[in-house]
Amino acid sequence: MPGKLVVGNWKMNGDLRHNDALLADLRAGWPVQAMREIAVCVPFPYLWQAQAALAGSVVRWGAQNVSEYARGAHTGEVAAGMVAEFGCKYVIVGHSERRALYGETDAMVAAKASAALEAGMTPIVCVGESWAERESGAGEAVVVHQLDAVVSRIGRRIAETVLAYEPVWAIGTGRSATPEQAQAVHEVLRKRLRKHEAAAGSVPLLYGGSVKAGNAKALFACADIDGGLIGGASLNVDEFLAIAGA
Ligand code: PGA
């Protein structure tokens with residue numbers, strides 16, 4: 001089955017001028033009748049810009065993080081309800097950079113997934129093991145544990161999420177997981193989702209980590225890979241569209 005969804009994660013990149021061009025090219029470059037959905041997750045200050053540029057098109061947009069709290073004394077945080085006001089369909093939660101650099105725990109990631117759902121958006125829940133964890137044979141247990149933490153918080157609503165497997169060792173390194181490596185973990189995640197909730201078997205499972213136009217087709221051809229979460233390559237429209245069309 002061709003992938004269902006390809007999402008760009010701009011990370012902390014962009015400026016008004018470049019975003020204008022990128023968003024316009026994206027809108028113009030993705031066919032209305034395309035089978036696959038595409039979306040871009042942009043920094044908070046550019047949500048209005050993404051909304052203005054993409055509203056009425058088939059390209060969706062979203063944020064890269066939200067607070068686990070709904071409102072209140074949390075200086076510098078952004079609530080899911082605020083993000084939703086800009087028409088976001090998606091919110092990435094639990095990206096490995098947030099877990100590693102900003103101390104996000106499994107419990108926080110689960111609370112953020114819950115907050116996104118409460119605000120009417122679809123959380124893209126990221127899970128992934130480090131190289132050391134993989135080498136020690138614990139890779140699958142790590143991602144299953146990360147998934148279970150979210151399920152323990154949101155229960156059956158796991159069926160309303162998107163799950164992204166992003167091995168930490170493959171992110172921004174140019175060293176993608178092989179299709180076989182990725183498929184093996186996706187199969188484990190698919191089974192786990194089904195075990196938790198039958199309807200969750202059809203949750204889109206995205207692979208992320210050094211996806212490029214050159215390796216996307218082989219990855220997306222795998223039985224349990226439904227698309228991708230694309231970092232660096234999403235900043236180049238031609239490359240991103242080539243991945244999305246792979
Ligand atoms: P990458 O990042 O495609 O640049 O490896 C993926 C991600 O962090 O979502």
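Counting convention: from 1, in listed order, for ligands and their atoms alike. Heavy-atom basis, side chains included; hydrogens, waters and symmetry copies ignored. Count residues from 1 along the sequence.
Interface atoms of ligand 1 facing I171, defined by a heavy-atom separation under 4.0 Å, are 2 (O), 5 (O), 8 (O). Each of the atoms 2 (O), 7 (C), 8 (O) of ligand 1 lies under 4.0 Å from some heavy atom of K11. Taking every heavy atom of G209 and a limit of under 4.0 angstrom, the matching atoms of ligand 1 come to 5 (O). Distances below 4.0 Å separate heavy atoms of G172 from the following atoms of ligand 1: 1 (P), 4 (O), 5 (O). The S210 neighbourhood of ligand 1 comprises atoms 1 (P), 3 (O), 5 (O), with distances under 4.0 Å to a heavy atom of that residue. For ligand 1, the atoms closer than 4.0 angstrom to any heavy atom of H95 are 7 (C), 8 (O), 9 (O).
Shortest non-hydrogen contact noted between Q181 and W169 is OE1-CH2, 3.6 Å.
For ligand 1, the polar-atom distance check against A233 finds no nitrogen or oxygen pair separated by under 3.5 Å. For the pair T173 and ligand 1, the shortest N or O to N or O distance does not fall below 3.5 Å. Where the criterion is an N or O separation shorter than 3.5 Å, residue side chain and backbone included, G208 fails it with respect to ligand 1. Any N or O atom pair closer than 3.5 Å counts here, and G231 shares at least one such pair with ligand 1.
Between E77 and R71 no salt bridge is recorded (no basic side-chain N to carboxylate O distance below 4.0 Å). R190 and E187 are not joined by a salt bridge, as no carboxylate oxygen comes within less than 4.0 angstrom of a charged side-chain nitrogen. A salt bridge is defined here as a Lys NZ or Arg NE, NH1 or NH2 lying under 4.0 Å from an Asp or Glu carboxylate O, and R99 with E104 fails to meet this definition.
At least one donor-acceptor pair closer than 3.5 Å links the side chain of N215 to the backbone N or O of S210. A donor-acceptor distance shorter than 3.5 angstrom exists from the side chain of W61 to the backbone of F86, with no hydrogens or angles considered.
Here atom 7 (C) of ligand 1 lies nearest to E166 when heavy atoms of E166, E97, K212 are compared.
Taking CD of Q183 as the start and CD1 of I225 as the end, the distance is 6.0 Å to the nearest 0.5 Å.
At least one heavy atom of A170 sits under 4.0 Å from some atom of ligand 1.
In this structure, R175 is positioned above the aromatic face of W131, its NZ or CZ under 6.0 Å from the six-membered ring centre and within 45° of the axis.
The nearest heavy-atom contact from the protein to atom 4 (O) of ligand 1 is G232 N, 2.8 Å.
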Carefully, step by step, assess E37 and K4 under the rule salt bridge (charged side-chain N to carboxylate O under 4.0 Å, His left out). CA-CA 6 Å; E37 182 179 317; K4 295 174 186 164; over 6 Å; no
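In N9, the part holding a heavy atom less than 4.0 Å from any atom of ligand 1 is the side chain.
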